[in-house]
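Below is one structure, written out as C-alpha cells; comments come after it.
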Amino acid sequence: MTLSLHTRAQASPPPAAAGAREFRDIYRVEIPFVCKLLLRLGVEPRHLNDLAQDVFVAAFQRFDSYDRSRPIRPWLLGIAYHRVSAFRQRAGQQREVEGELPELPDERPTPDEELAARQGRELVLRALSALDLEKRAVLVMHDIDGWAIPEVARALSIPLNTAYSRLRRARELFEAEVRRSRDGGGA
Amino acid sequence: MSGTEPKPLSPDIEALLELERRRPDLSATDSEQIASRVDSTLDWLVVAGSLGAGAAAGGLGARLLKAAWRGASAHWKVGLATFVAGGLAGGLVRGALEVEAPPAPALPVVEKSAPLPPPPPGPKPEVVAPAARPRPPAPVAVKPPAPAKEEEVPAPDAQGRDVDLARERGLLEMARTSLGRGKSGDALEALAAHGQQFPEGVLAEERESLWIRLLLEAGDFEQARDRARQLHARFPRSMLWPALAAALWPDGGSP
C-alpha cells in the first residue's frame with residue numbers, strides 16, 4: 001500500500017527560517033508524546049514513523065497560527081487527529097480487526113509485574129479499537145492525557161456539548177469492551 | 001445533552017488507564033529517525049519557500065547564484081565563477097552552431113562532471129528502458145519507512161545499532177549545520193564521511209537529501225535535480241519527496 005501521507009508542500013507558505021529554528025526546538029521534545037498519541041488513536045506500529053513525520057510537517061506548516069500562550073500538546077493532538085483521519089480515509093481503514101494486536105515498539109520482555117502492565121496496555125488499545133476515531137480521540141485526550149473537556153473541544157474544533165456527549169459514549173463503549181475482553185479471557 | 005462532566009470512571013478502569021499513561025517512551029533510535037526525517041523535510045520546505053519568494057523577486061537562476069555566492073568561500077567562488085562562465089560560453093557556442101540540445105534525461109544520470117568533487121555515489125538504481133517519466137526500479141532497492149521487525153534484518157545488536165545511528169546523525173547534523181552557515185566544504189566532508197562509513201546507513205535518505213541541498217547551494221541546479229531523481233528512484237515512498245520536488249521543480253514541472 002502506497003502511503004501518500006504528506007500534506008502538499010505548497011499548501012501554504014512555510015514559516016521562515018527563524019520560525020523553523022523555533023519549531024525544531026519544540027517539536028523534538030514532543031516526538032514521544034505524538035507517537036504514543038498515534039498508537040492510542042489506532043495507528044499501527046508499522047505506520048507510526050510515517051504518521052509522526054506527517055504530523056510534525058503539518059504542524060510546521062501551520063506553526064505561524066499556533067498560539068504560543070496555549071499548551072502545545074492539545075494543538076498537536078488536533079493536527080494528529082486530522083492526519084490520522086485523512087490517512088484512514090486514504091487507506092480505506094475501518095475499525096481495526098479484533099484479535100491479536102500488532103507487535104508494539106520497544107516492548108521488551110520483563111519480569112511478571114511489567115508483563116502484567118504490558119498486558120494491561122494491550123487491553124487498553126484493544127478496547128480503544130472498539131471506538132470510532134471521534135470518540136477515541138476525546139477519551140484519549142481527556143481520560144488518558146488528562147486535558148479538560150473545554151481544551152479537548154477546542155483542539156478538535158467541536159462544540160463543548162458534543163465533546164461531553166462523545167466522552168460519555170466513549171466511556172460506555174470502552175468499559176463494555178474491557179469487560180467483554182476480560183470475561184472472554186482476553187486480558 | 002447537558003454540558004456536564006460524566007460520572008467518574010470505575011476504579012478498575014481508572015487503574016487500567018493509568019497503566020497506559022505509563023507506557024514507555026519510543027526508543028531513542030526511533031525518535032532519532034523521525035527527527036532526522038522531519039528535519040530534512042523542514043529544510044526543503046524552507047528552501048522551497050525562499051526559492052518561491054526569490055523567483056518572484058528576480059528570477060530563480062539569479063536567486064540561486066546570489067545565494068551560492070553569498071555562502072561560498074574563496075575557492076568555491078572561483079569554482080562557481082568558472083562553472084558559470086563555462087556554462088555561458090558553452091551556451092553561446094551551441095547557439096552559434098545551432099545544435100539542438102538533447103532532451104533532458106528523465107532517468108538518473110550516474111556519471112557527470114560537476115564543479116564539486118564527485119559525491120560518493122549511492123547504490124545505483126536499476127537501469128530501466130528510457131521512459132518519459134522516471135519509474136522506480138524493482139522493489140529490491142526500496143527502503144522500508146520504518147524498521148518494523150528487527151529480526152528480519154541481519155543487524156548488529158540493538159546497542160550497537162543505537163551507537164551507529166548516533167554517529168550517523170552526528171555526521172549529518174554536522175553537514176546540515178555547515179550548510180546553514182555557508183560552509184560548503186565542511187558539509188561536503190561530513191557527507192563524504194557518512195557515505196564512506198554508512199553507505200547503506202539508516203539515514204542514507206537524509207544524506208542524499210543534504211547532497212542535493214549542497215548542489216543547490218553551489219548553483220548546480222541540474223545535478224541537484226539528477227540527484228533528486230536518483231533519491232526518488234531509490235526511496236520511492238520518501239516523505240521528503242513532496243517538499244524536495246517543490247523546491248527543485250517550483251513551477252510544478254515533471255521531475
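Nothing here was measured: the structure is a model prediction, and the numbers come from that model. Side chains are part of it too, since the values below use all heavy atoms of this structure and drop only hydrogens, waters and symmetry mates. Just so we're on the same page: letters track the sequence lines, and every chain starts at 1.
In this structure, the separation between CG on B/Leu9 and CZ on A/Arg171 is 4.0 Å, given to the nearest 0.5 Å. Between atom CG of residue B/Asp25 and atom CD1 of residue A/Ile31 there is a gap of 11.0 Å, rounded to the nearest 0.5 Å. To the nearest 0.5 Å, atoms CD1 (A/Ile144) and CD (B/Glu18) are separated by 10.5 Å.
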Verdict with supporting geometry, B/Trp44 and A/Val57, side chain to side chain contact (heavy atoms under 4.5 Å, CB included): CA-CA 11 Å; B/Trp44 283 110; A/Val57 171; over 6 Å; no
Candidate pair B/Leu42 and A/Tyr27, rule side chain to side chain contact (heavy atoms under 4.5 Å, CB included), full reasoning: CA-CA 11 Å; B/Leu42 299 191; A/Tyr27 93 84; 4.3 Å; yes
Stepwise side chain to side chain contact (heavy atoms under 4.5 Å, CB included) test for B/Arg23 and A/Arg40: CA-CA 11 Å; B/Arg23 174 181 291 279; A/Arg40 292 164 182 162; 4.2 Å; yes
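Using a 4.5 Å cut-off between heavy atoms, A/Phe174 touches chain B through its side chain atoms alone.
The shortest heavy-atom contact between A/Lys36 and B/Pro24 is CE-O, 3.6 Å. In terms of heavy atoms, A/Arg179 sits closest to B/Ser10 at NH2-OG, 3.4 Å. Closest heavy-atom contact between A/Asp143 and B/Arg21: O-NH2, 2.6 Å. The shortest heavy-atom contact between B/Arg237 and A/Asp50 is NH2-OD2, 4.4 Å.
Every side chain to side chain contact (heavy atoms under 4.5 Å, CB included) that B/Leu16 has, sequence neighbours left out, goes to A/Leu123, A/Val124, A/Val178, A/Arg182, B/Leu19.
Annotation: maximal heavy-atom pairing with chain A below 4.5 Å, among B/Ile13, B/Asp12, B/Asp39, occurs at B/Asp39.
Contact of the A/Cys35 side chain with the B/Ile34 side chain is registered, since non-hydrogen atoms from C-beta on lie closer than 4.5 Å.
Counting heavy-atom neighbours within 6.0 Å of A/Arg68 CZ, excluding the residue itself, gives a total above 12.
Ion pairing between A/Asp54 and B/Arg37 fails under the 4.0 Å rule for side-chain N and carboxylate O.
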